[in-house]
*Asks:* 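Provided herewith is a single structure, encoded as structure tokens, for subsequent inquiry.
Just so you know, these numbers come straight off a predicted model, no measurement behind them.
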Amino acid sequence: MVHYRQFVLGGKGAGATTLEHLCRTALSSMDGAGASLWRRPDDRLFDVDDGSGRRIFLNKVADLSSAVFGEMCLAQSSDLQALLQLKPSTIQLSELTTAVVYDLDERKAPDGSQFIRGLAYWLAIGNHLFFVKTQSMTPELMRAYLGWLLRVRTTVVGGDEDFTLHADFDKSMIAGDIGDIRSLRISGKSAPQISVQAPQGVHDGKVVKTSRKVAERIIQFGQAIPLVEAVLGPKRTKSLVSSLGDEEYLVVDAAVRVRGKRTEESRKAMRSIAGDLDEMTDAKVQVEGKDGKVTDGDAILRTRMPFDLPHEGSNLLEFDNVADQLQEVYNRFVKDGKIKAE
């Protein structure tokens, strides 16, 4: 799955530069010996500061002239890999059971190497970021690395500037067609059936009832929060609750709803939840608005794409092929009106 994020820089740098330019400038920075960061792999190593011992290596990274393309490796220091020894042995498992089994073992990585726990191949064109992730790599880890690269390893982004990576809805599917988004729904054979709703307020200040009652009892706010946490998780629930206005509150009646007068903060929260849903599932996400809904296809801006493998069964992707395919996705999104060309 190819995922999309839009880079938005705040502070003094807002609108003055692009993610592509910042990455190129950071990687071109020189050390005291005159070597650029392109040529210093040890200086591209980021320790994830969460006590897990995880490290992110920006391994291969290339200036494609029209874009910057790279490969991030998530490694685990002092890690063990479980192995199944295919040599049968007979053991007594209980007073009643004697079994013939294979032994389990654990091995460290060979000296001078580390196990890879996740990969991300990413392409920055202007402020557009496309990426493919595997295993334990997440968008949050990618954002942490970019923040470290741009603000700590180099200083191309100032200390008073921050940036966000927005997951966008497919503008060619929903823009101008269904009005403001008020509901997101995940659907699919293996996906959890989740609905996140945010009713619309009206301009005269009246509170309108926009959610349909589907149960005899509607659970409100304090009692609703544990149920919301069960669906969205504590972190996402906290973010949603903190975005509510004075006249908004949560209710749960087989869906997660925000009721009351709509605020700009709750609009932003819905956009943030789009990113969370993109991370949670590859299933289809449907969107409903005031004037209609998208019922066919995935409303979050992402797409499936085939990639070449170095050999059958490999966990790696061919570096050059991924670069070509991600640029193809960019060109397709521009042509289809999903994003604007940079």
Side-chain angles (χ1 to χ4, degrees), residues 1 3 5-11 19 22-23 26-27 37 40-61 70-82 106-122 124 129 131-167 225-226 228-243 268-269 271-282 315-316:
M1 179 72 77
H3 300 264
R5 295 291 188 274
Q6 182 185 38
F7 177 83
V8 179
L9 181 64
L19 174 61
L22 290 171
C23 289
L27 291 164
L37 194 54
R40 301 180 347 246
D42 288 346
D43 289 340
R44 301 198 302 268
L45 169 61
F46 168 60
D47 288 305
V48 180
D49 188 20
D50 62 357
S52 65
R54 294 180 298 175
R55 315 168 86 189
I56 299 177
F57 296 81
L58 180 55
N59 191 33
K60 299 176 183 176
V61 58
E71 169 191 80
M72 288 183 189
C73 304
L74 176 65
Q76 186 84 40
S77 61
S78 304
D79 198 12
L80 297 174
Q81 177 68 51
E106 289 184 312
R107 300 282 178 85
K108 292 183 178 180
D111 291 343
S113 63
Q114 294 185 7
F115 290 123
I116 297 297
R117 296 310 184 197
L119 290 164
Y121 300 87
W122 58 275
L129 177 66
F131 61 93
V132 182
K133 59 185 179 68
T134 70
Q135 298 168 291
S136 298
M137 182 64 81
T138 66
E140 288 79 9
L141 289 172
M142 291 182 60
R143 188 202 180 284
Y145 184 90
L146 289 172
W148 171 83
L149 174 68
L150 302 178
R151 184 182 289 117
V152 180
R153 177 72 274 176
T154 66
T155 56
V156 295
V157 170
D160 62 338
E161 298 172 329
D162 197 9
F163 69 87
T164 55
L165 297 176
H166 286 164
I225 289 178
V228 179
E229 288 181 339
V231 174
L232 301 180
K235 183 178 178 181
R236 298 184 183 97
T237 300
K238 183 178 180 181
S239 174
L240 181 60
V241 171
S242 64
S243 74
K268 291 179 181 178
R271 185 173 188 177
S272 175
I273 289 172
D276 294 336
L277 295 179
D278 182 37
E279 170 66 8
M280 288 166 59
T281 180
D282 286 340
N315 290 317
L316 308 177

*Asks:* Would you name the heavy atoms of M137 and A120 that are closest together and state the gap between them?
*Replies:* CG-CB, 3.6 Å

*Asks:* Is the shortest side-chain heavy-atom distance between R5 and P139 below 4.5 Å?
*Replies:* yes

*Asks:* Quick one: pull up CG in L119 and CD1 in I56 and give me the separation to the nearest 0.5 Å.
*Replies:* 11.0 Å

*Asks:* Assess R143 against F163: is NZ or CZ under 6.0 Å from the centre of the six-membered ring, and within 45 degrees of the ring's axis?
*Replies:* yes

*Asks:* Testing Q114, R54, R117, K108 one by one against D79 for a side-chain hydrogen bond (donor to acceptor under 3.5 Å, both in side chains), which residue passes?
*Replies:* R117

*Asks:* State, yes or no, whether a side-chain contact exists between F46 and L149 at a heavy-atom distance under 4.5 Å.
*Replies:* no

*Asks:* Does E161 use its side chain to pair, donor to acceptor, with the backbone of V156 at less than 3.5 Å?
*Replies:* no

*Asks:* Work out which heavy atom in S242 is nearest to a heavy atom in S239; give both atom names and the distance.
*Replies:* OG-O, 2.9 Å

*Asks:* Between L37 and R40, is any pair of side-chain heavy atoms under 4.5 Å apart?
*Replies:* yes

*Asks:* Is the shortest heavy-atom distance from the side chain of C23 to the side chain of F7 under 4.5 Å?
*Replies:* no

*Asks:* Are any of the side-chain heavy atoms of R44 and Y145 separated by less than 4.5 Å?
*Replies:* yes

*Asks:* Could you report the tightest heavy-atom contact between S136 and L141, atom names first, then the distance?
*Replies:* O-CD1, 3.8 Å

*Asks:* When rounded to the nearest 0.5 angstrom, what distance separates CZ in R153 from CG in L45?
*Replies:* 9.5 Å

*Asks:* Report yes if some heavy atom in the side chain of H3 is under 4.5 Å from a heavy atom in the side chain of F131; otherwise report no.
*Replies:* yes

*Asks:* Any chance CG of D49 has more than 12 other-residue heavy atoms, nucleotides or ligands included, within less than 6.0 Å?
*Replies:* no

*Asks:* Considering non-hydrogen atoms only, spot the tightest contact between F57 and A75 and give its length.
*Replies:* CE1-CB, 3.7 Å

*Asks:* Between atom OG1 of T138 and atom CG of L74, what is the distance when rounded to the nearest 0.5 Å?
*Replies:* 8.0 Å

*Asks:* Hey, could you give me the CG/CG distance between L165 and L129, rounded to the nearest 0.5 Å?
*Replies:* 6.0 Å

*Asks:* Taking atom CD of E229 and atom CG of L240, what is their separation to the nearest 0.5 Å?
*Replies:* 11.0 Å

*Asks:* Which pair of heavy atoms, one from L58 and one from W122, lies closest together, and at what distance?
*Replies:* CD1-NE1, 3.7 Å

*Asks:* Working to the nearest 0.5 angstrom, can you tell me the gap between L22 CG and L27 CG?
*Replies:* 11.0 Å

*Asks:* Within the side chain of T155, is there an N or O that forms a donor-acceptor pair under 3.5 Å with the backbone of R151?
*Replies:* no

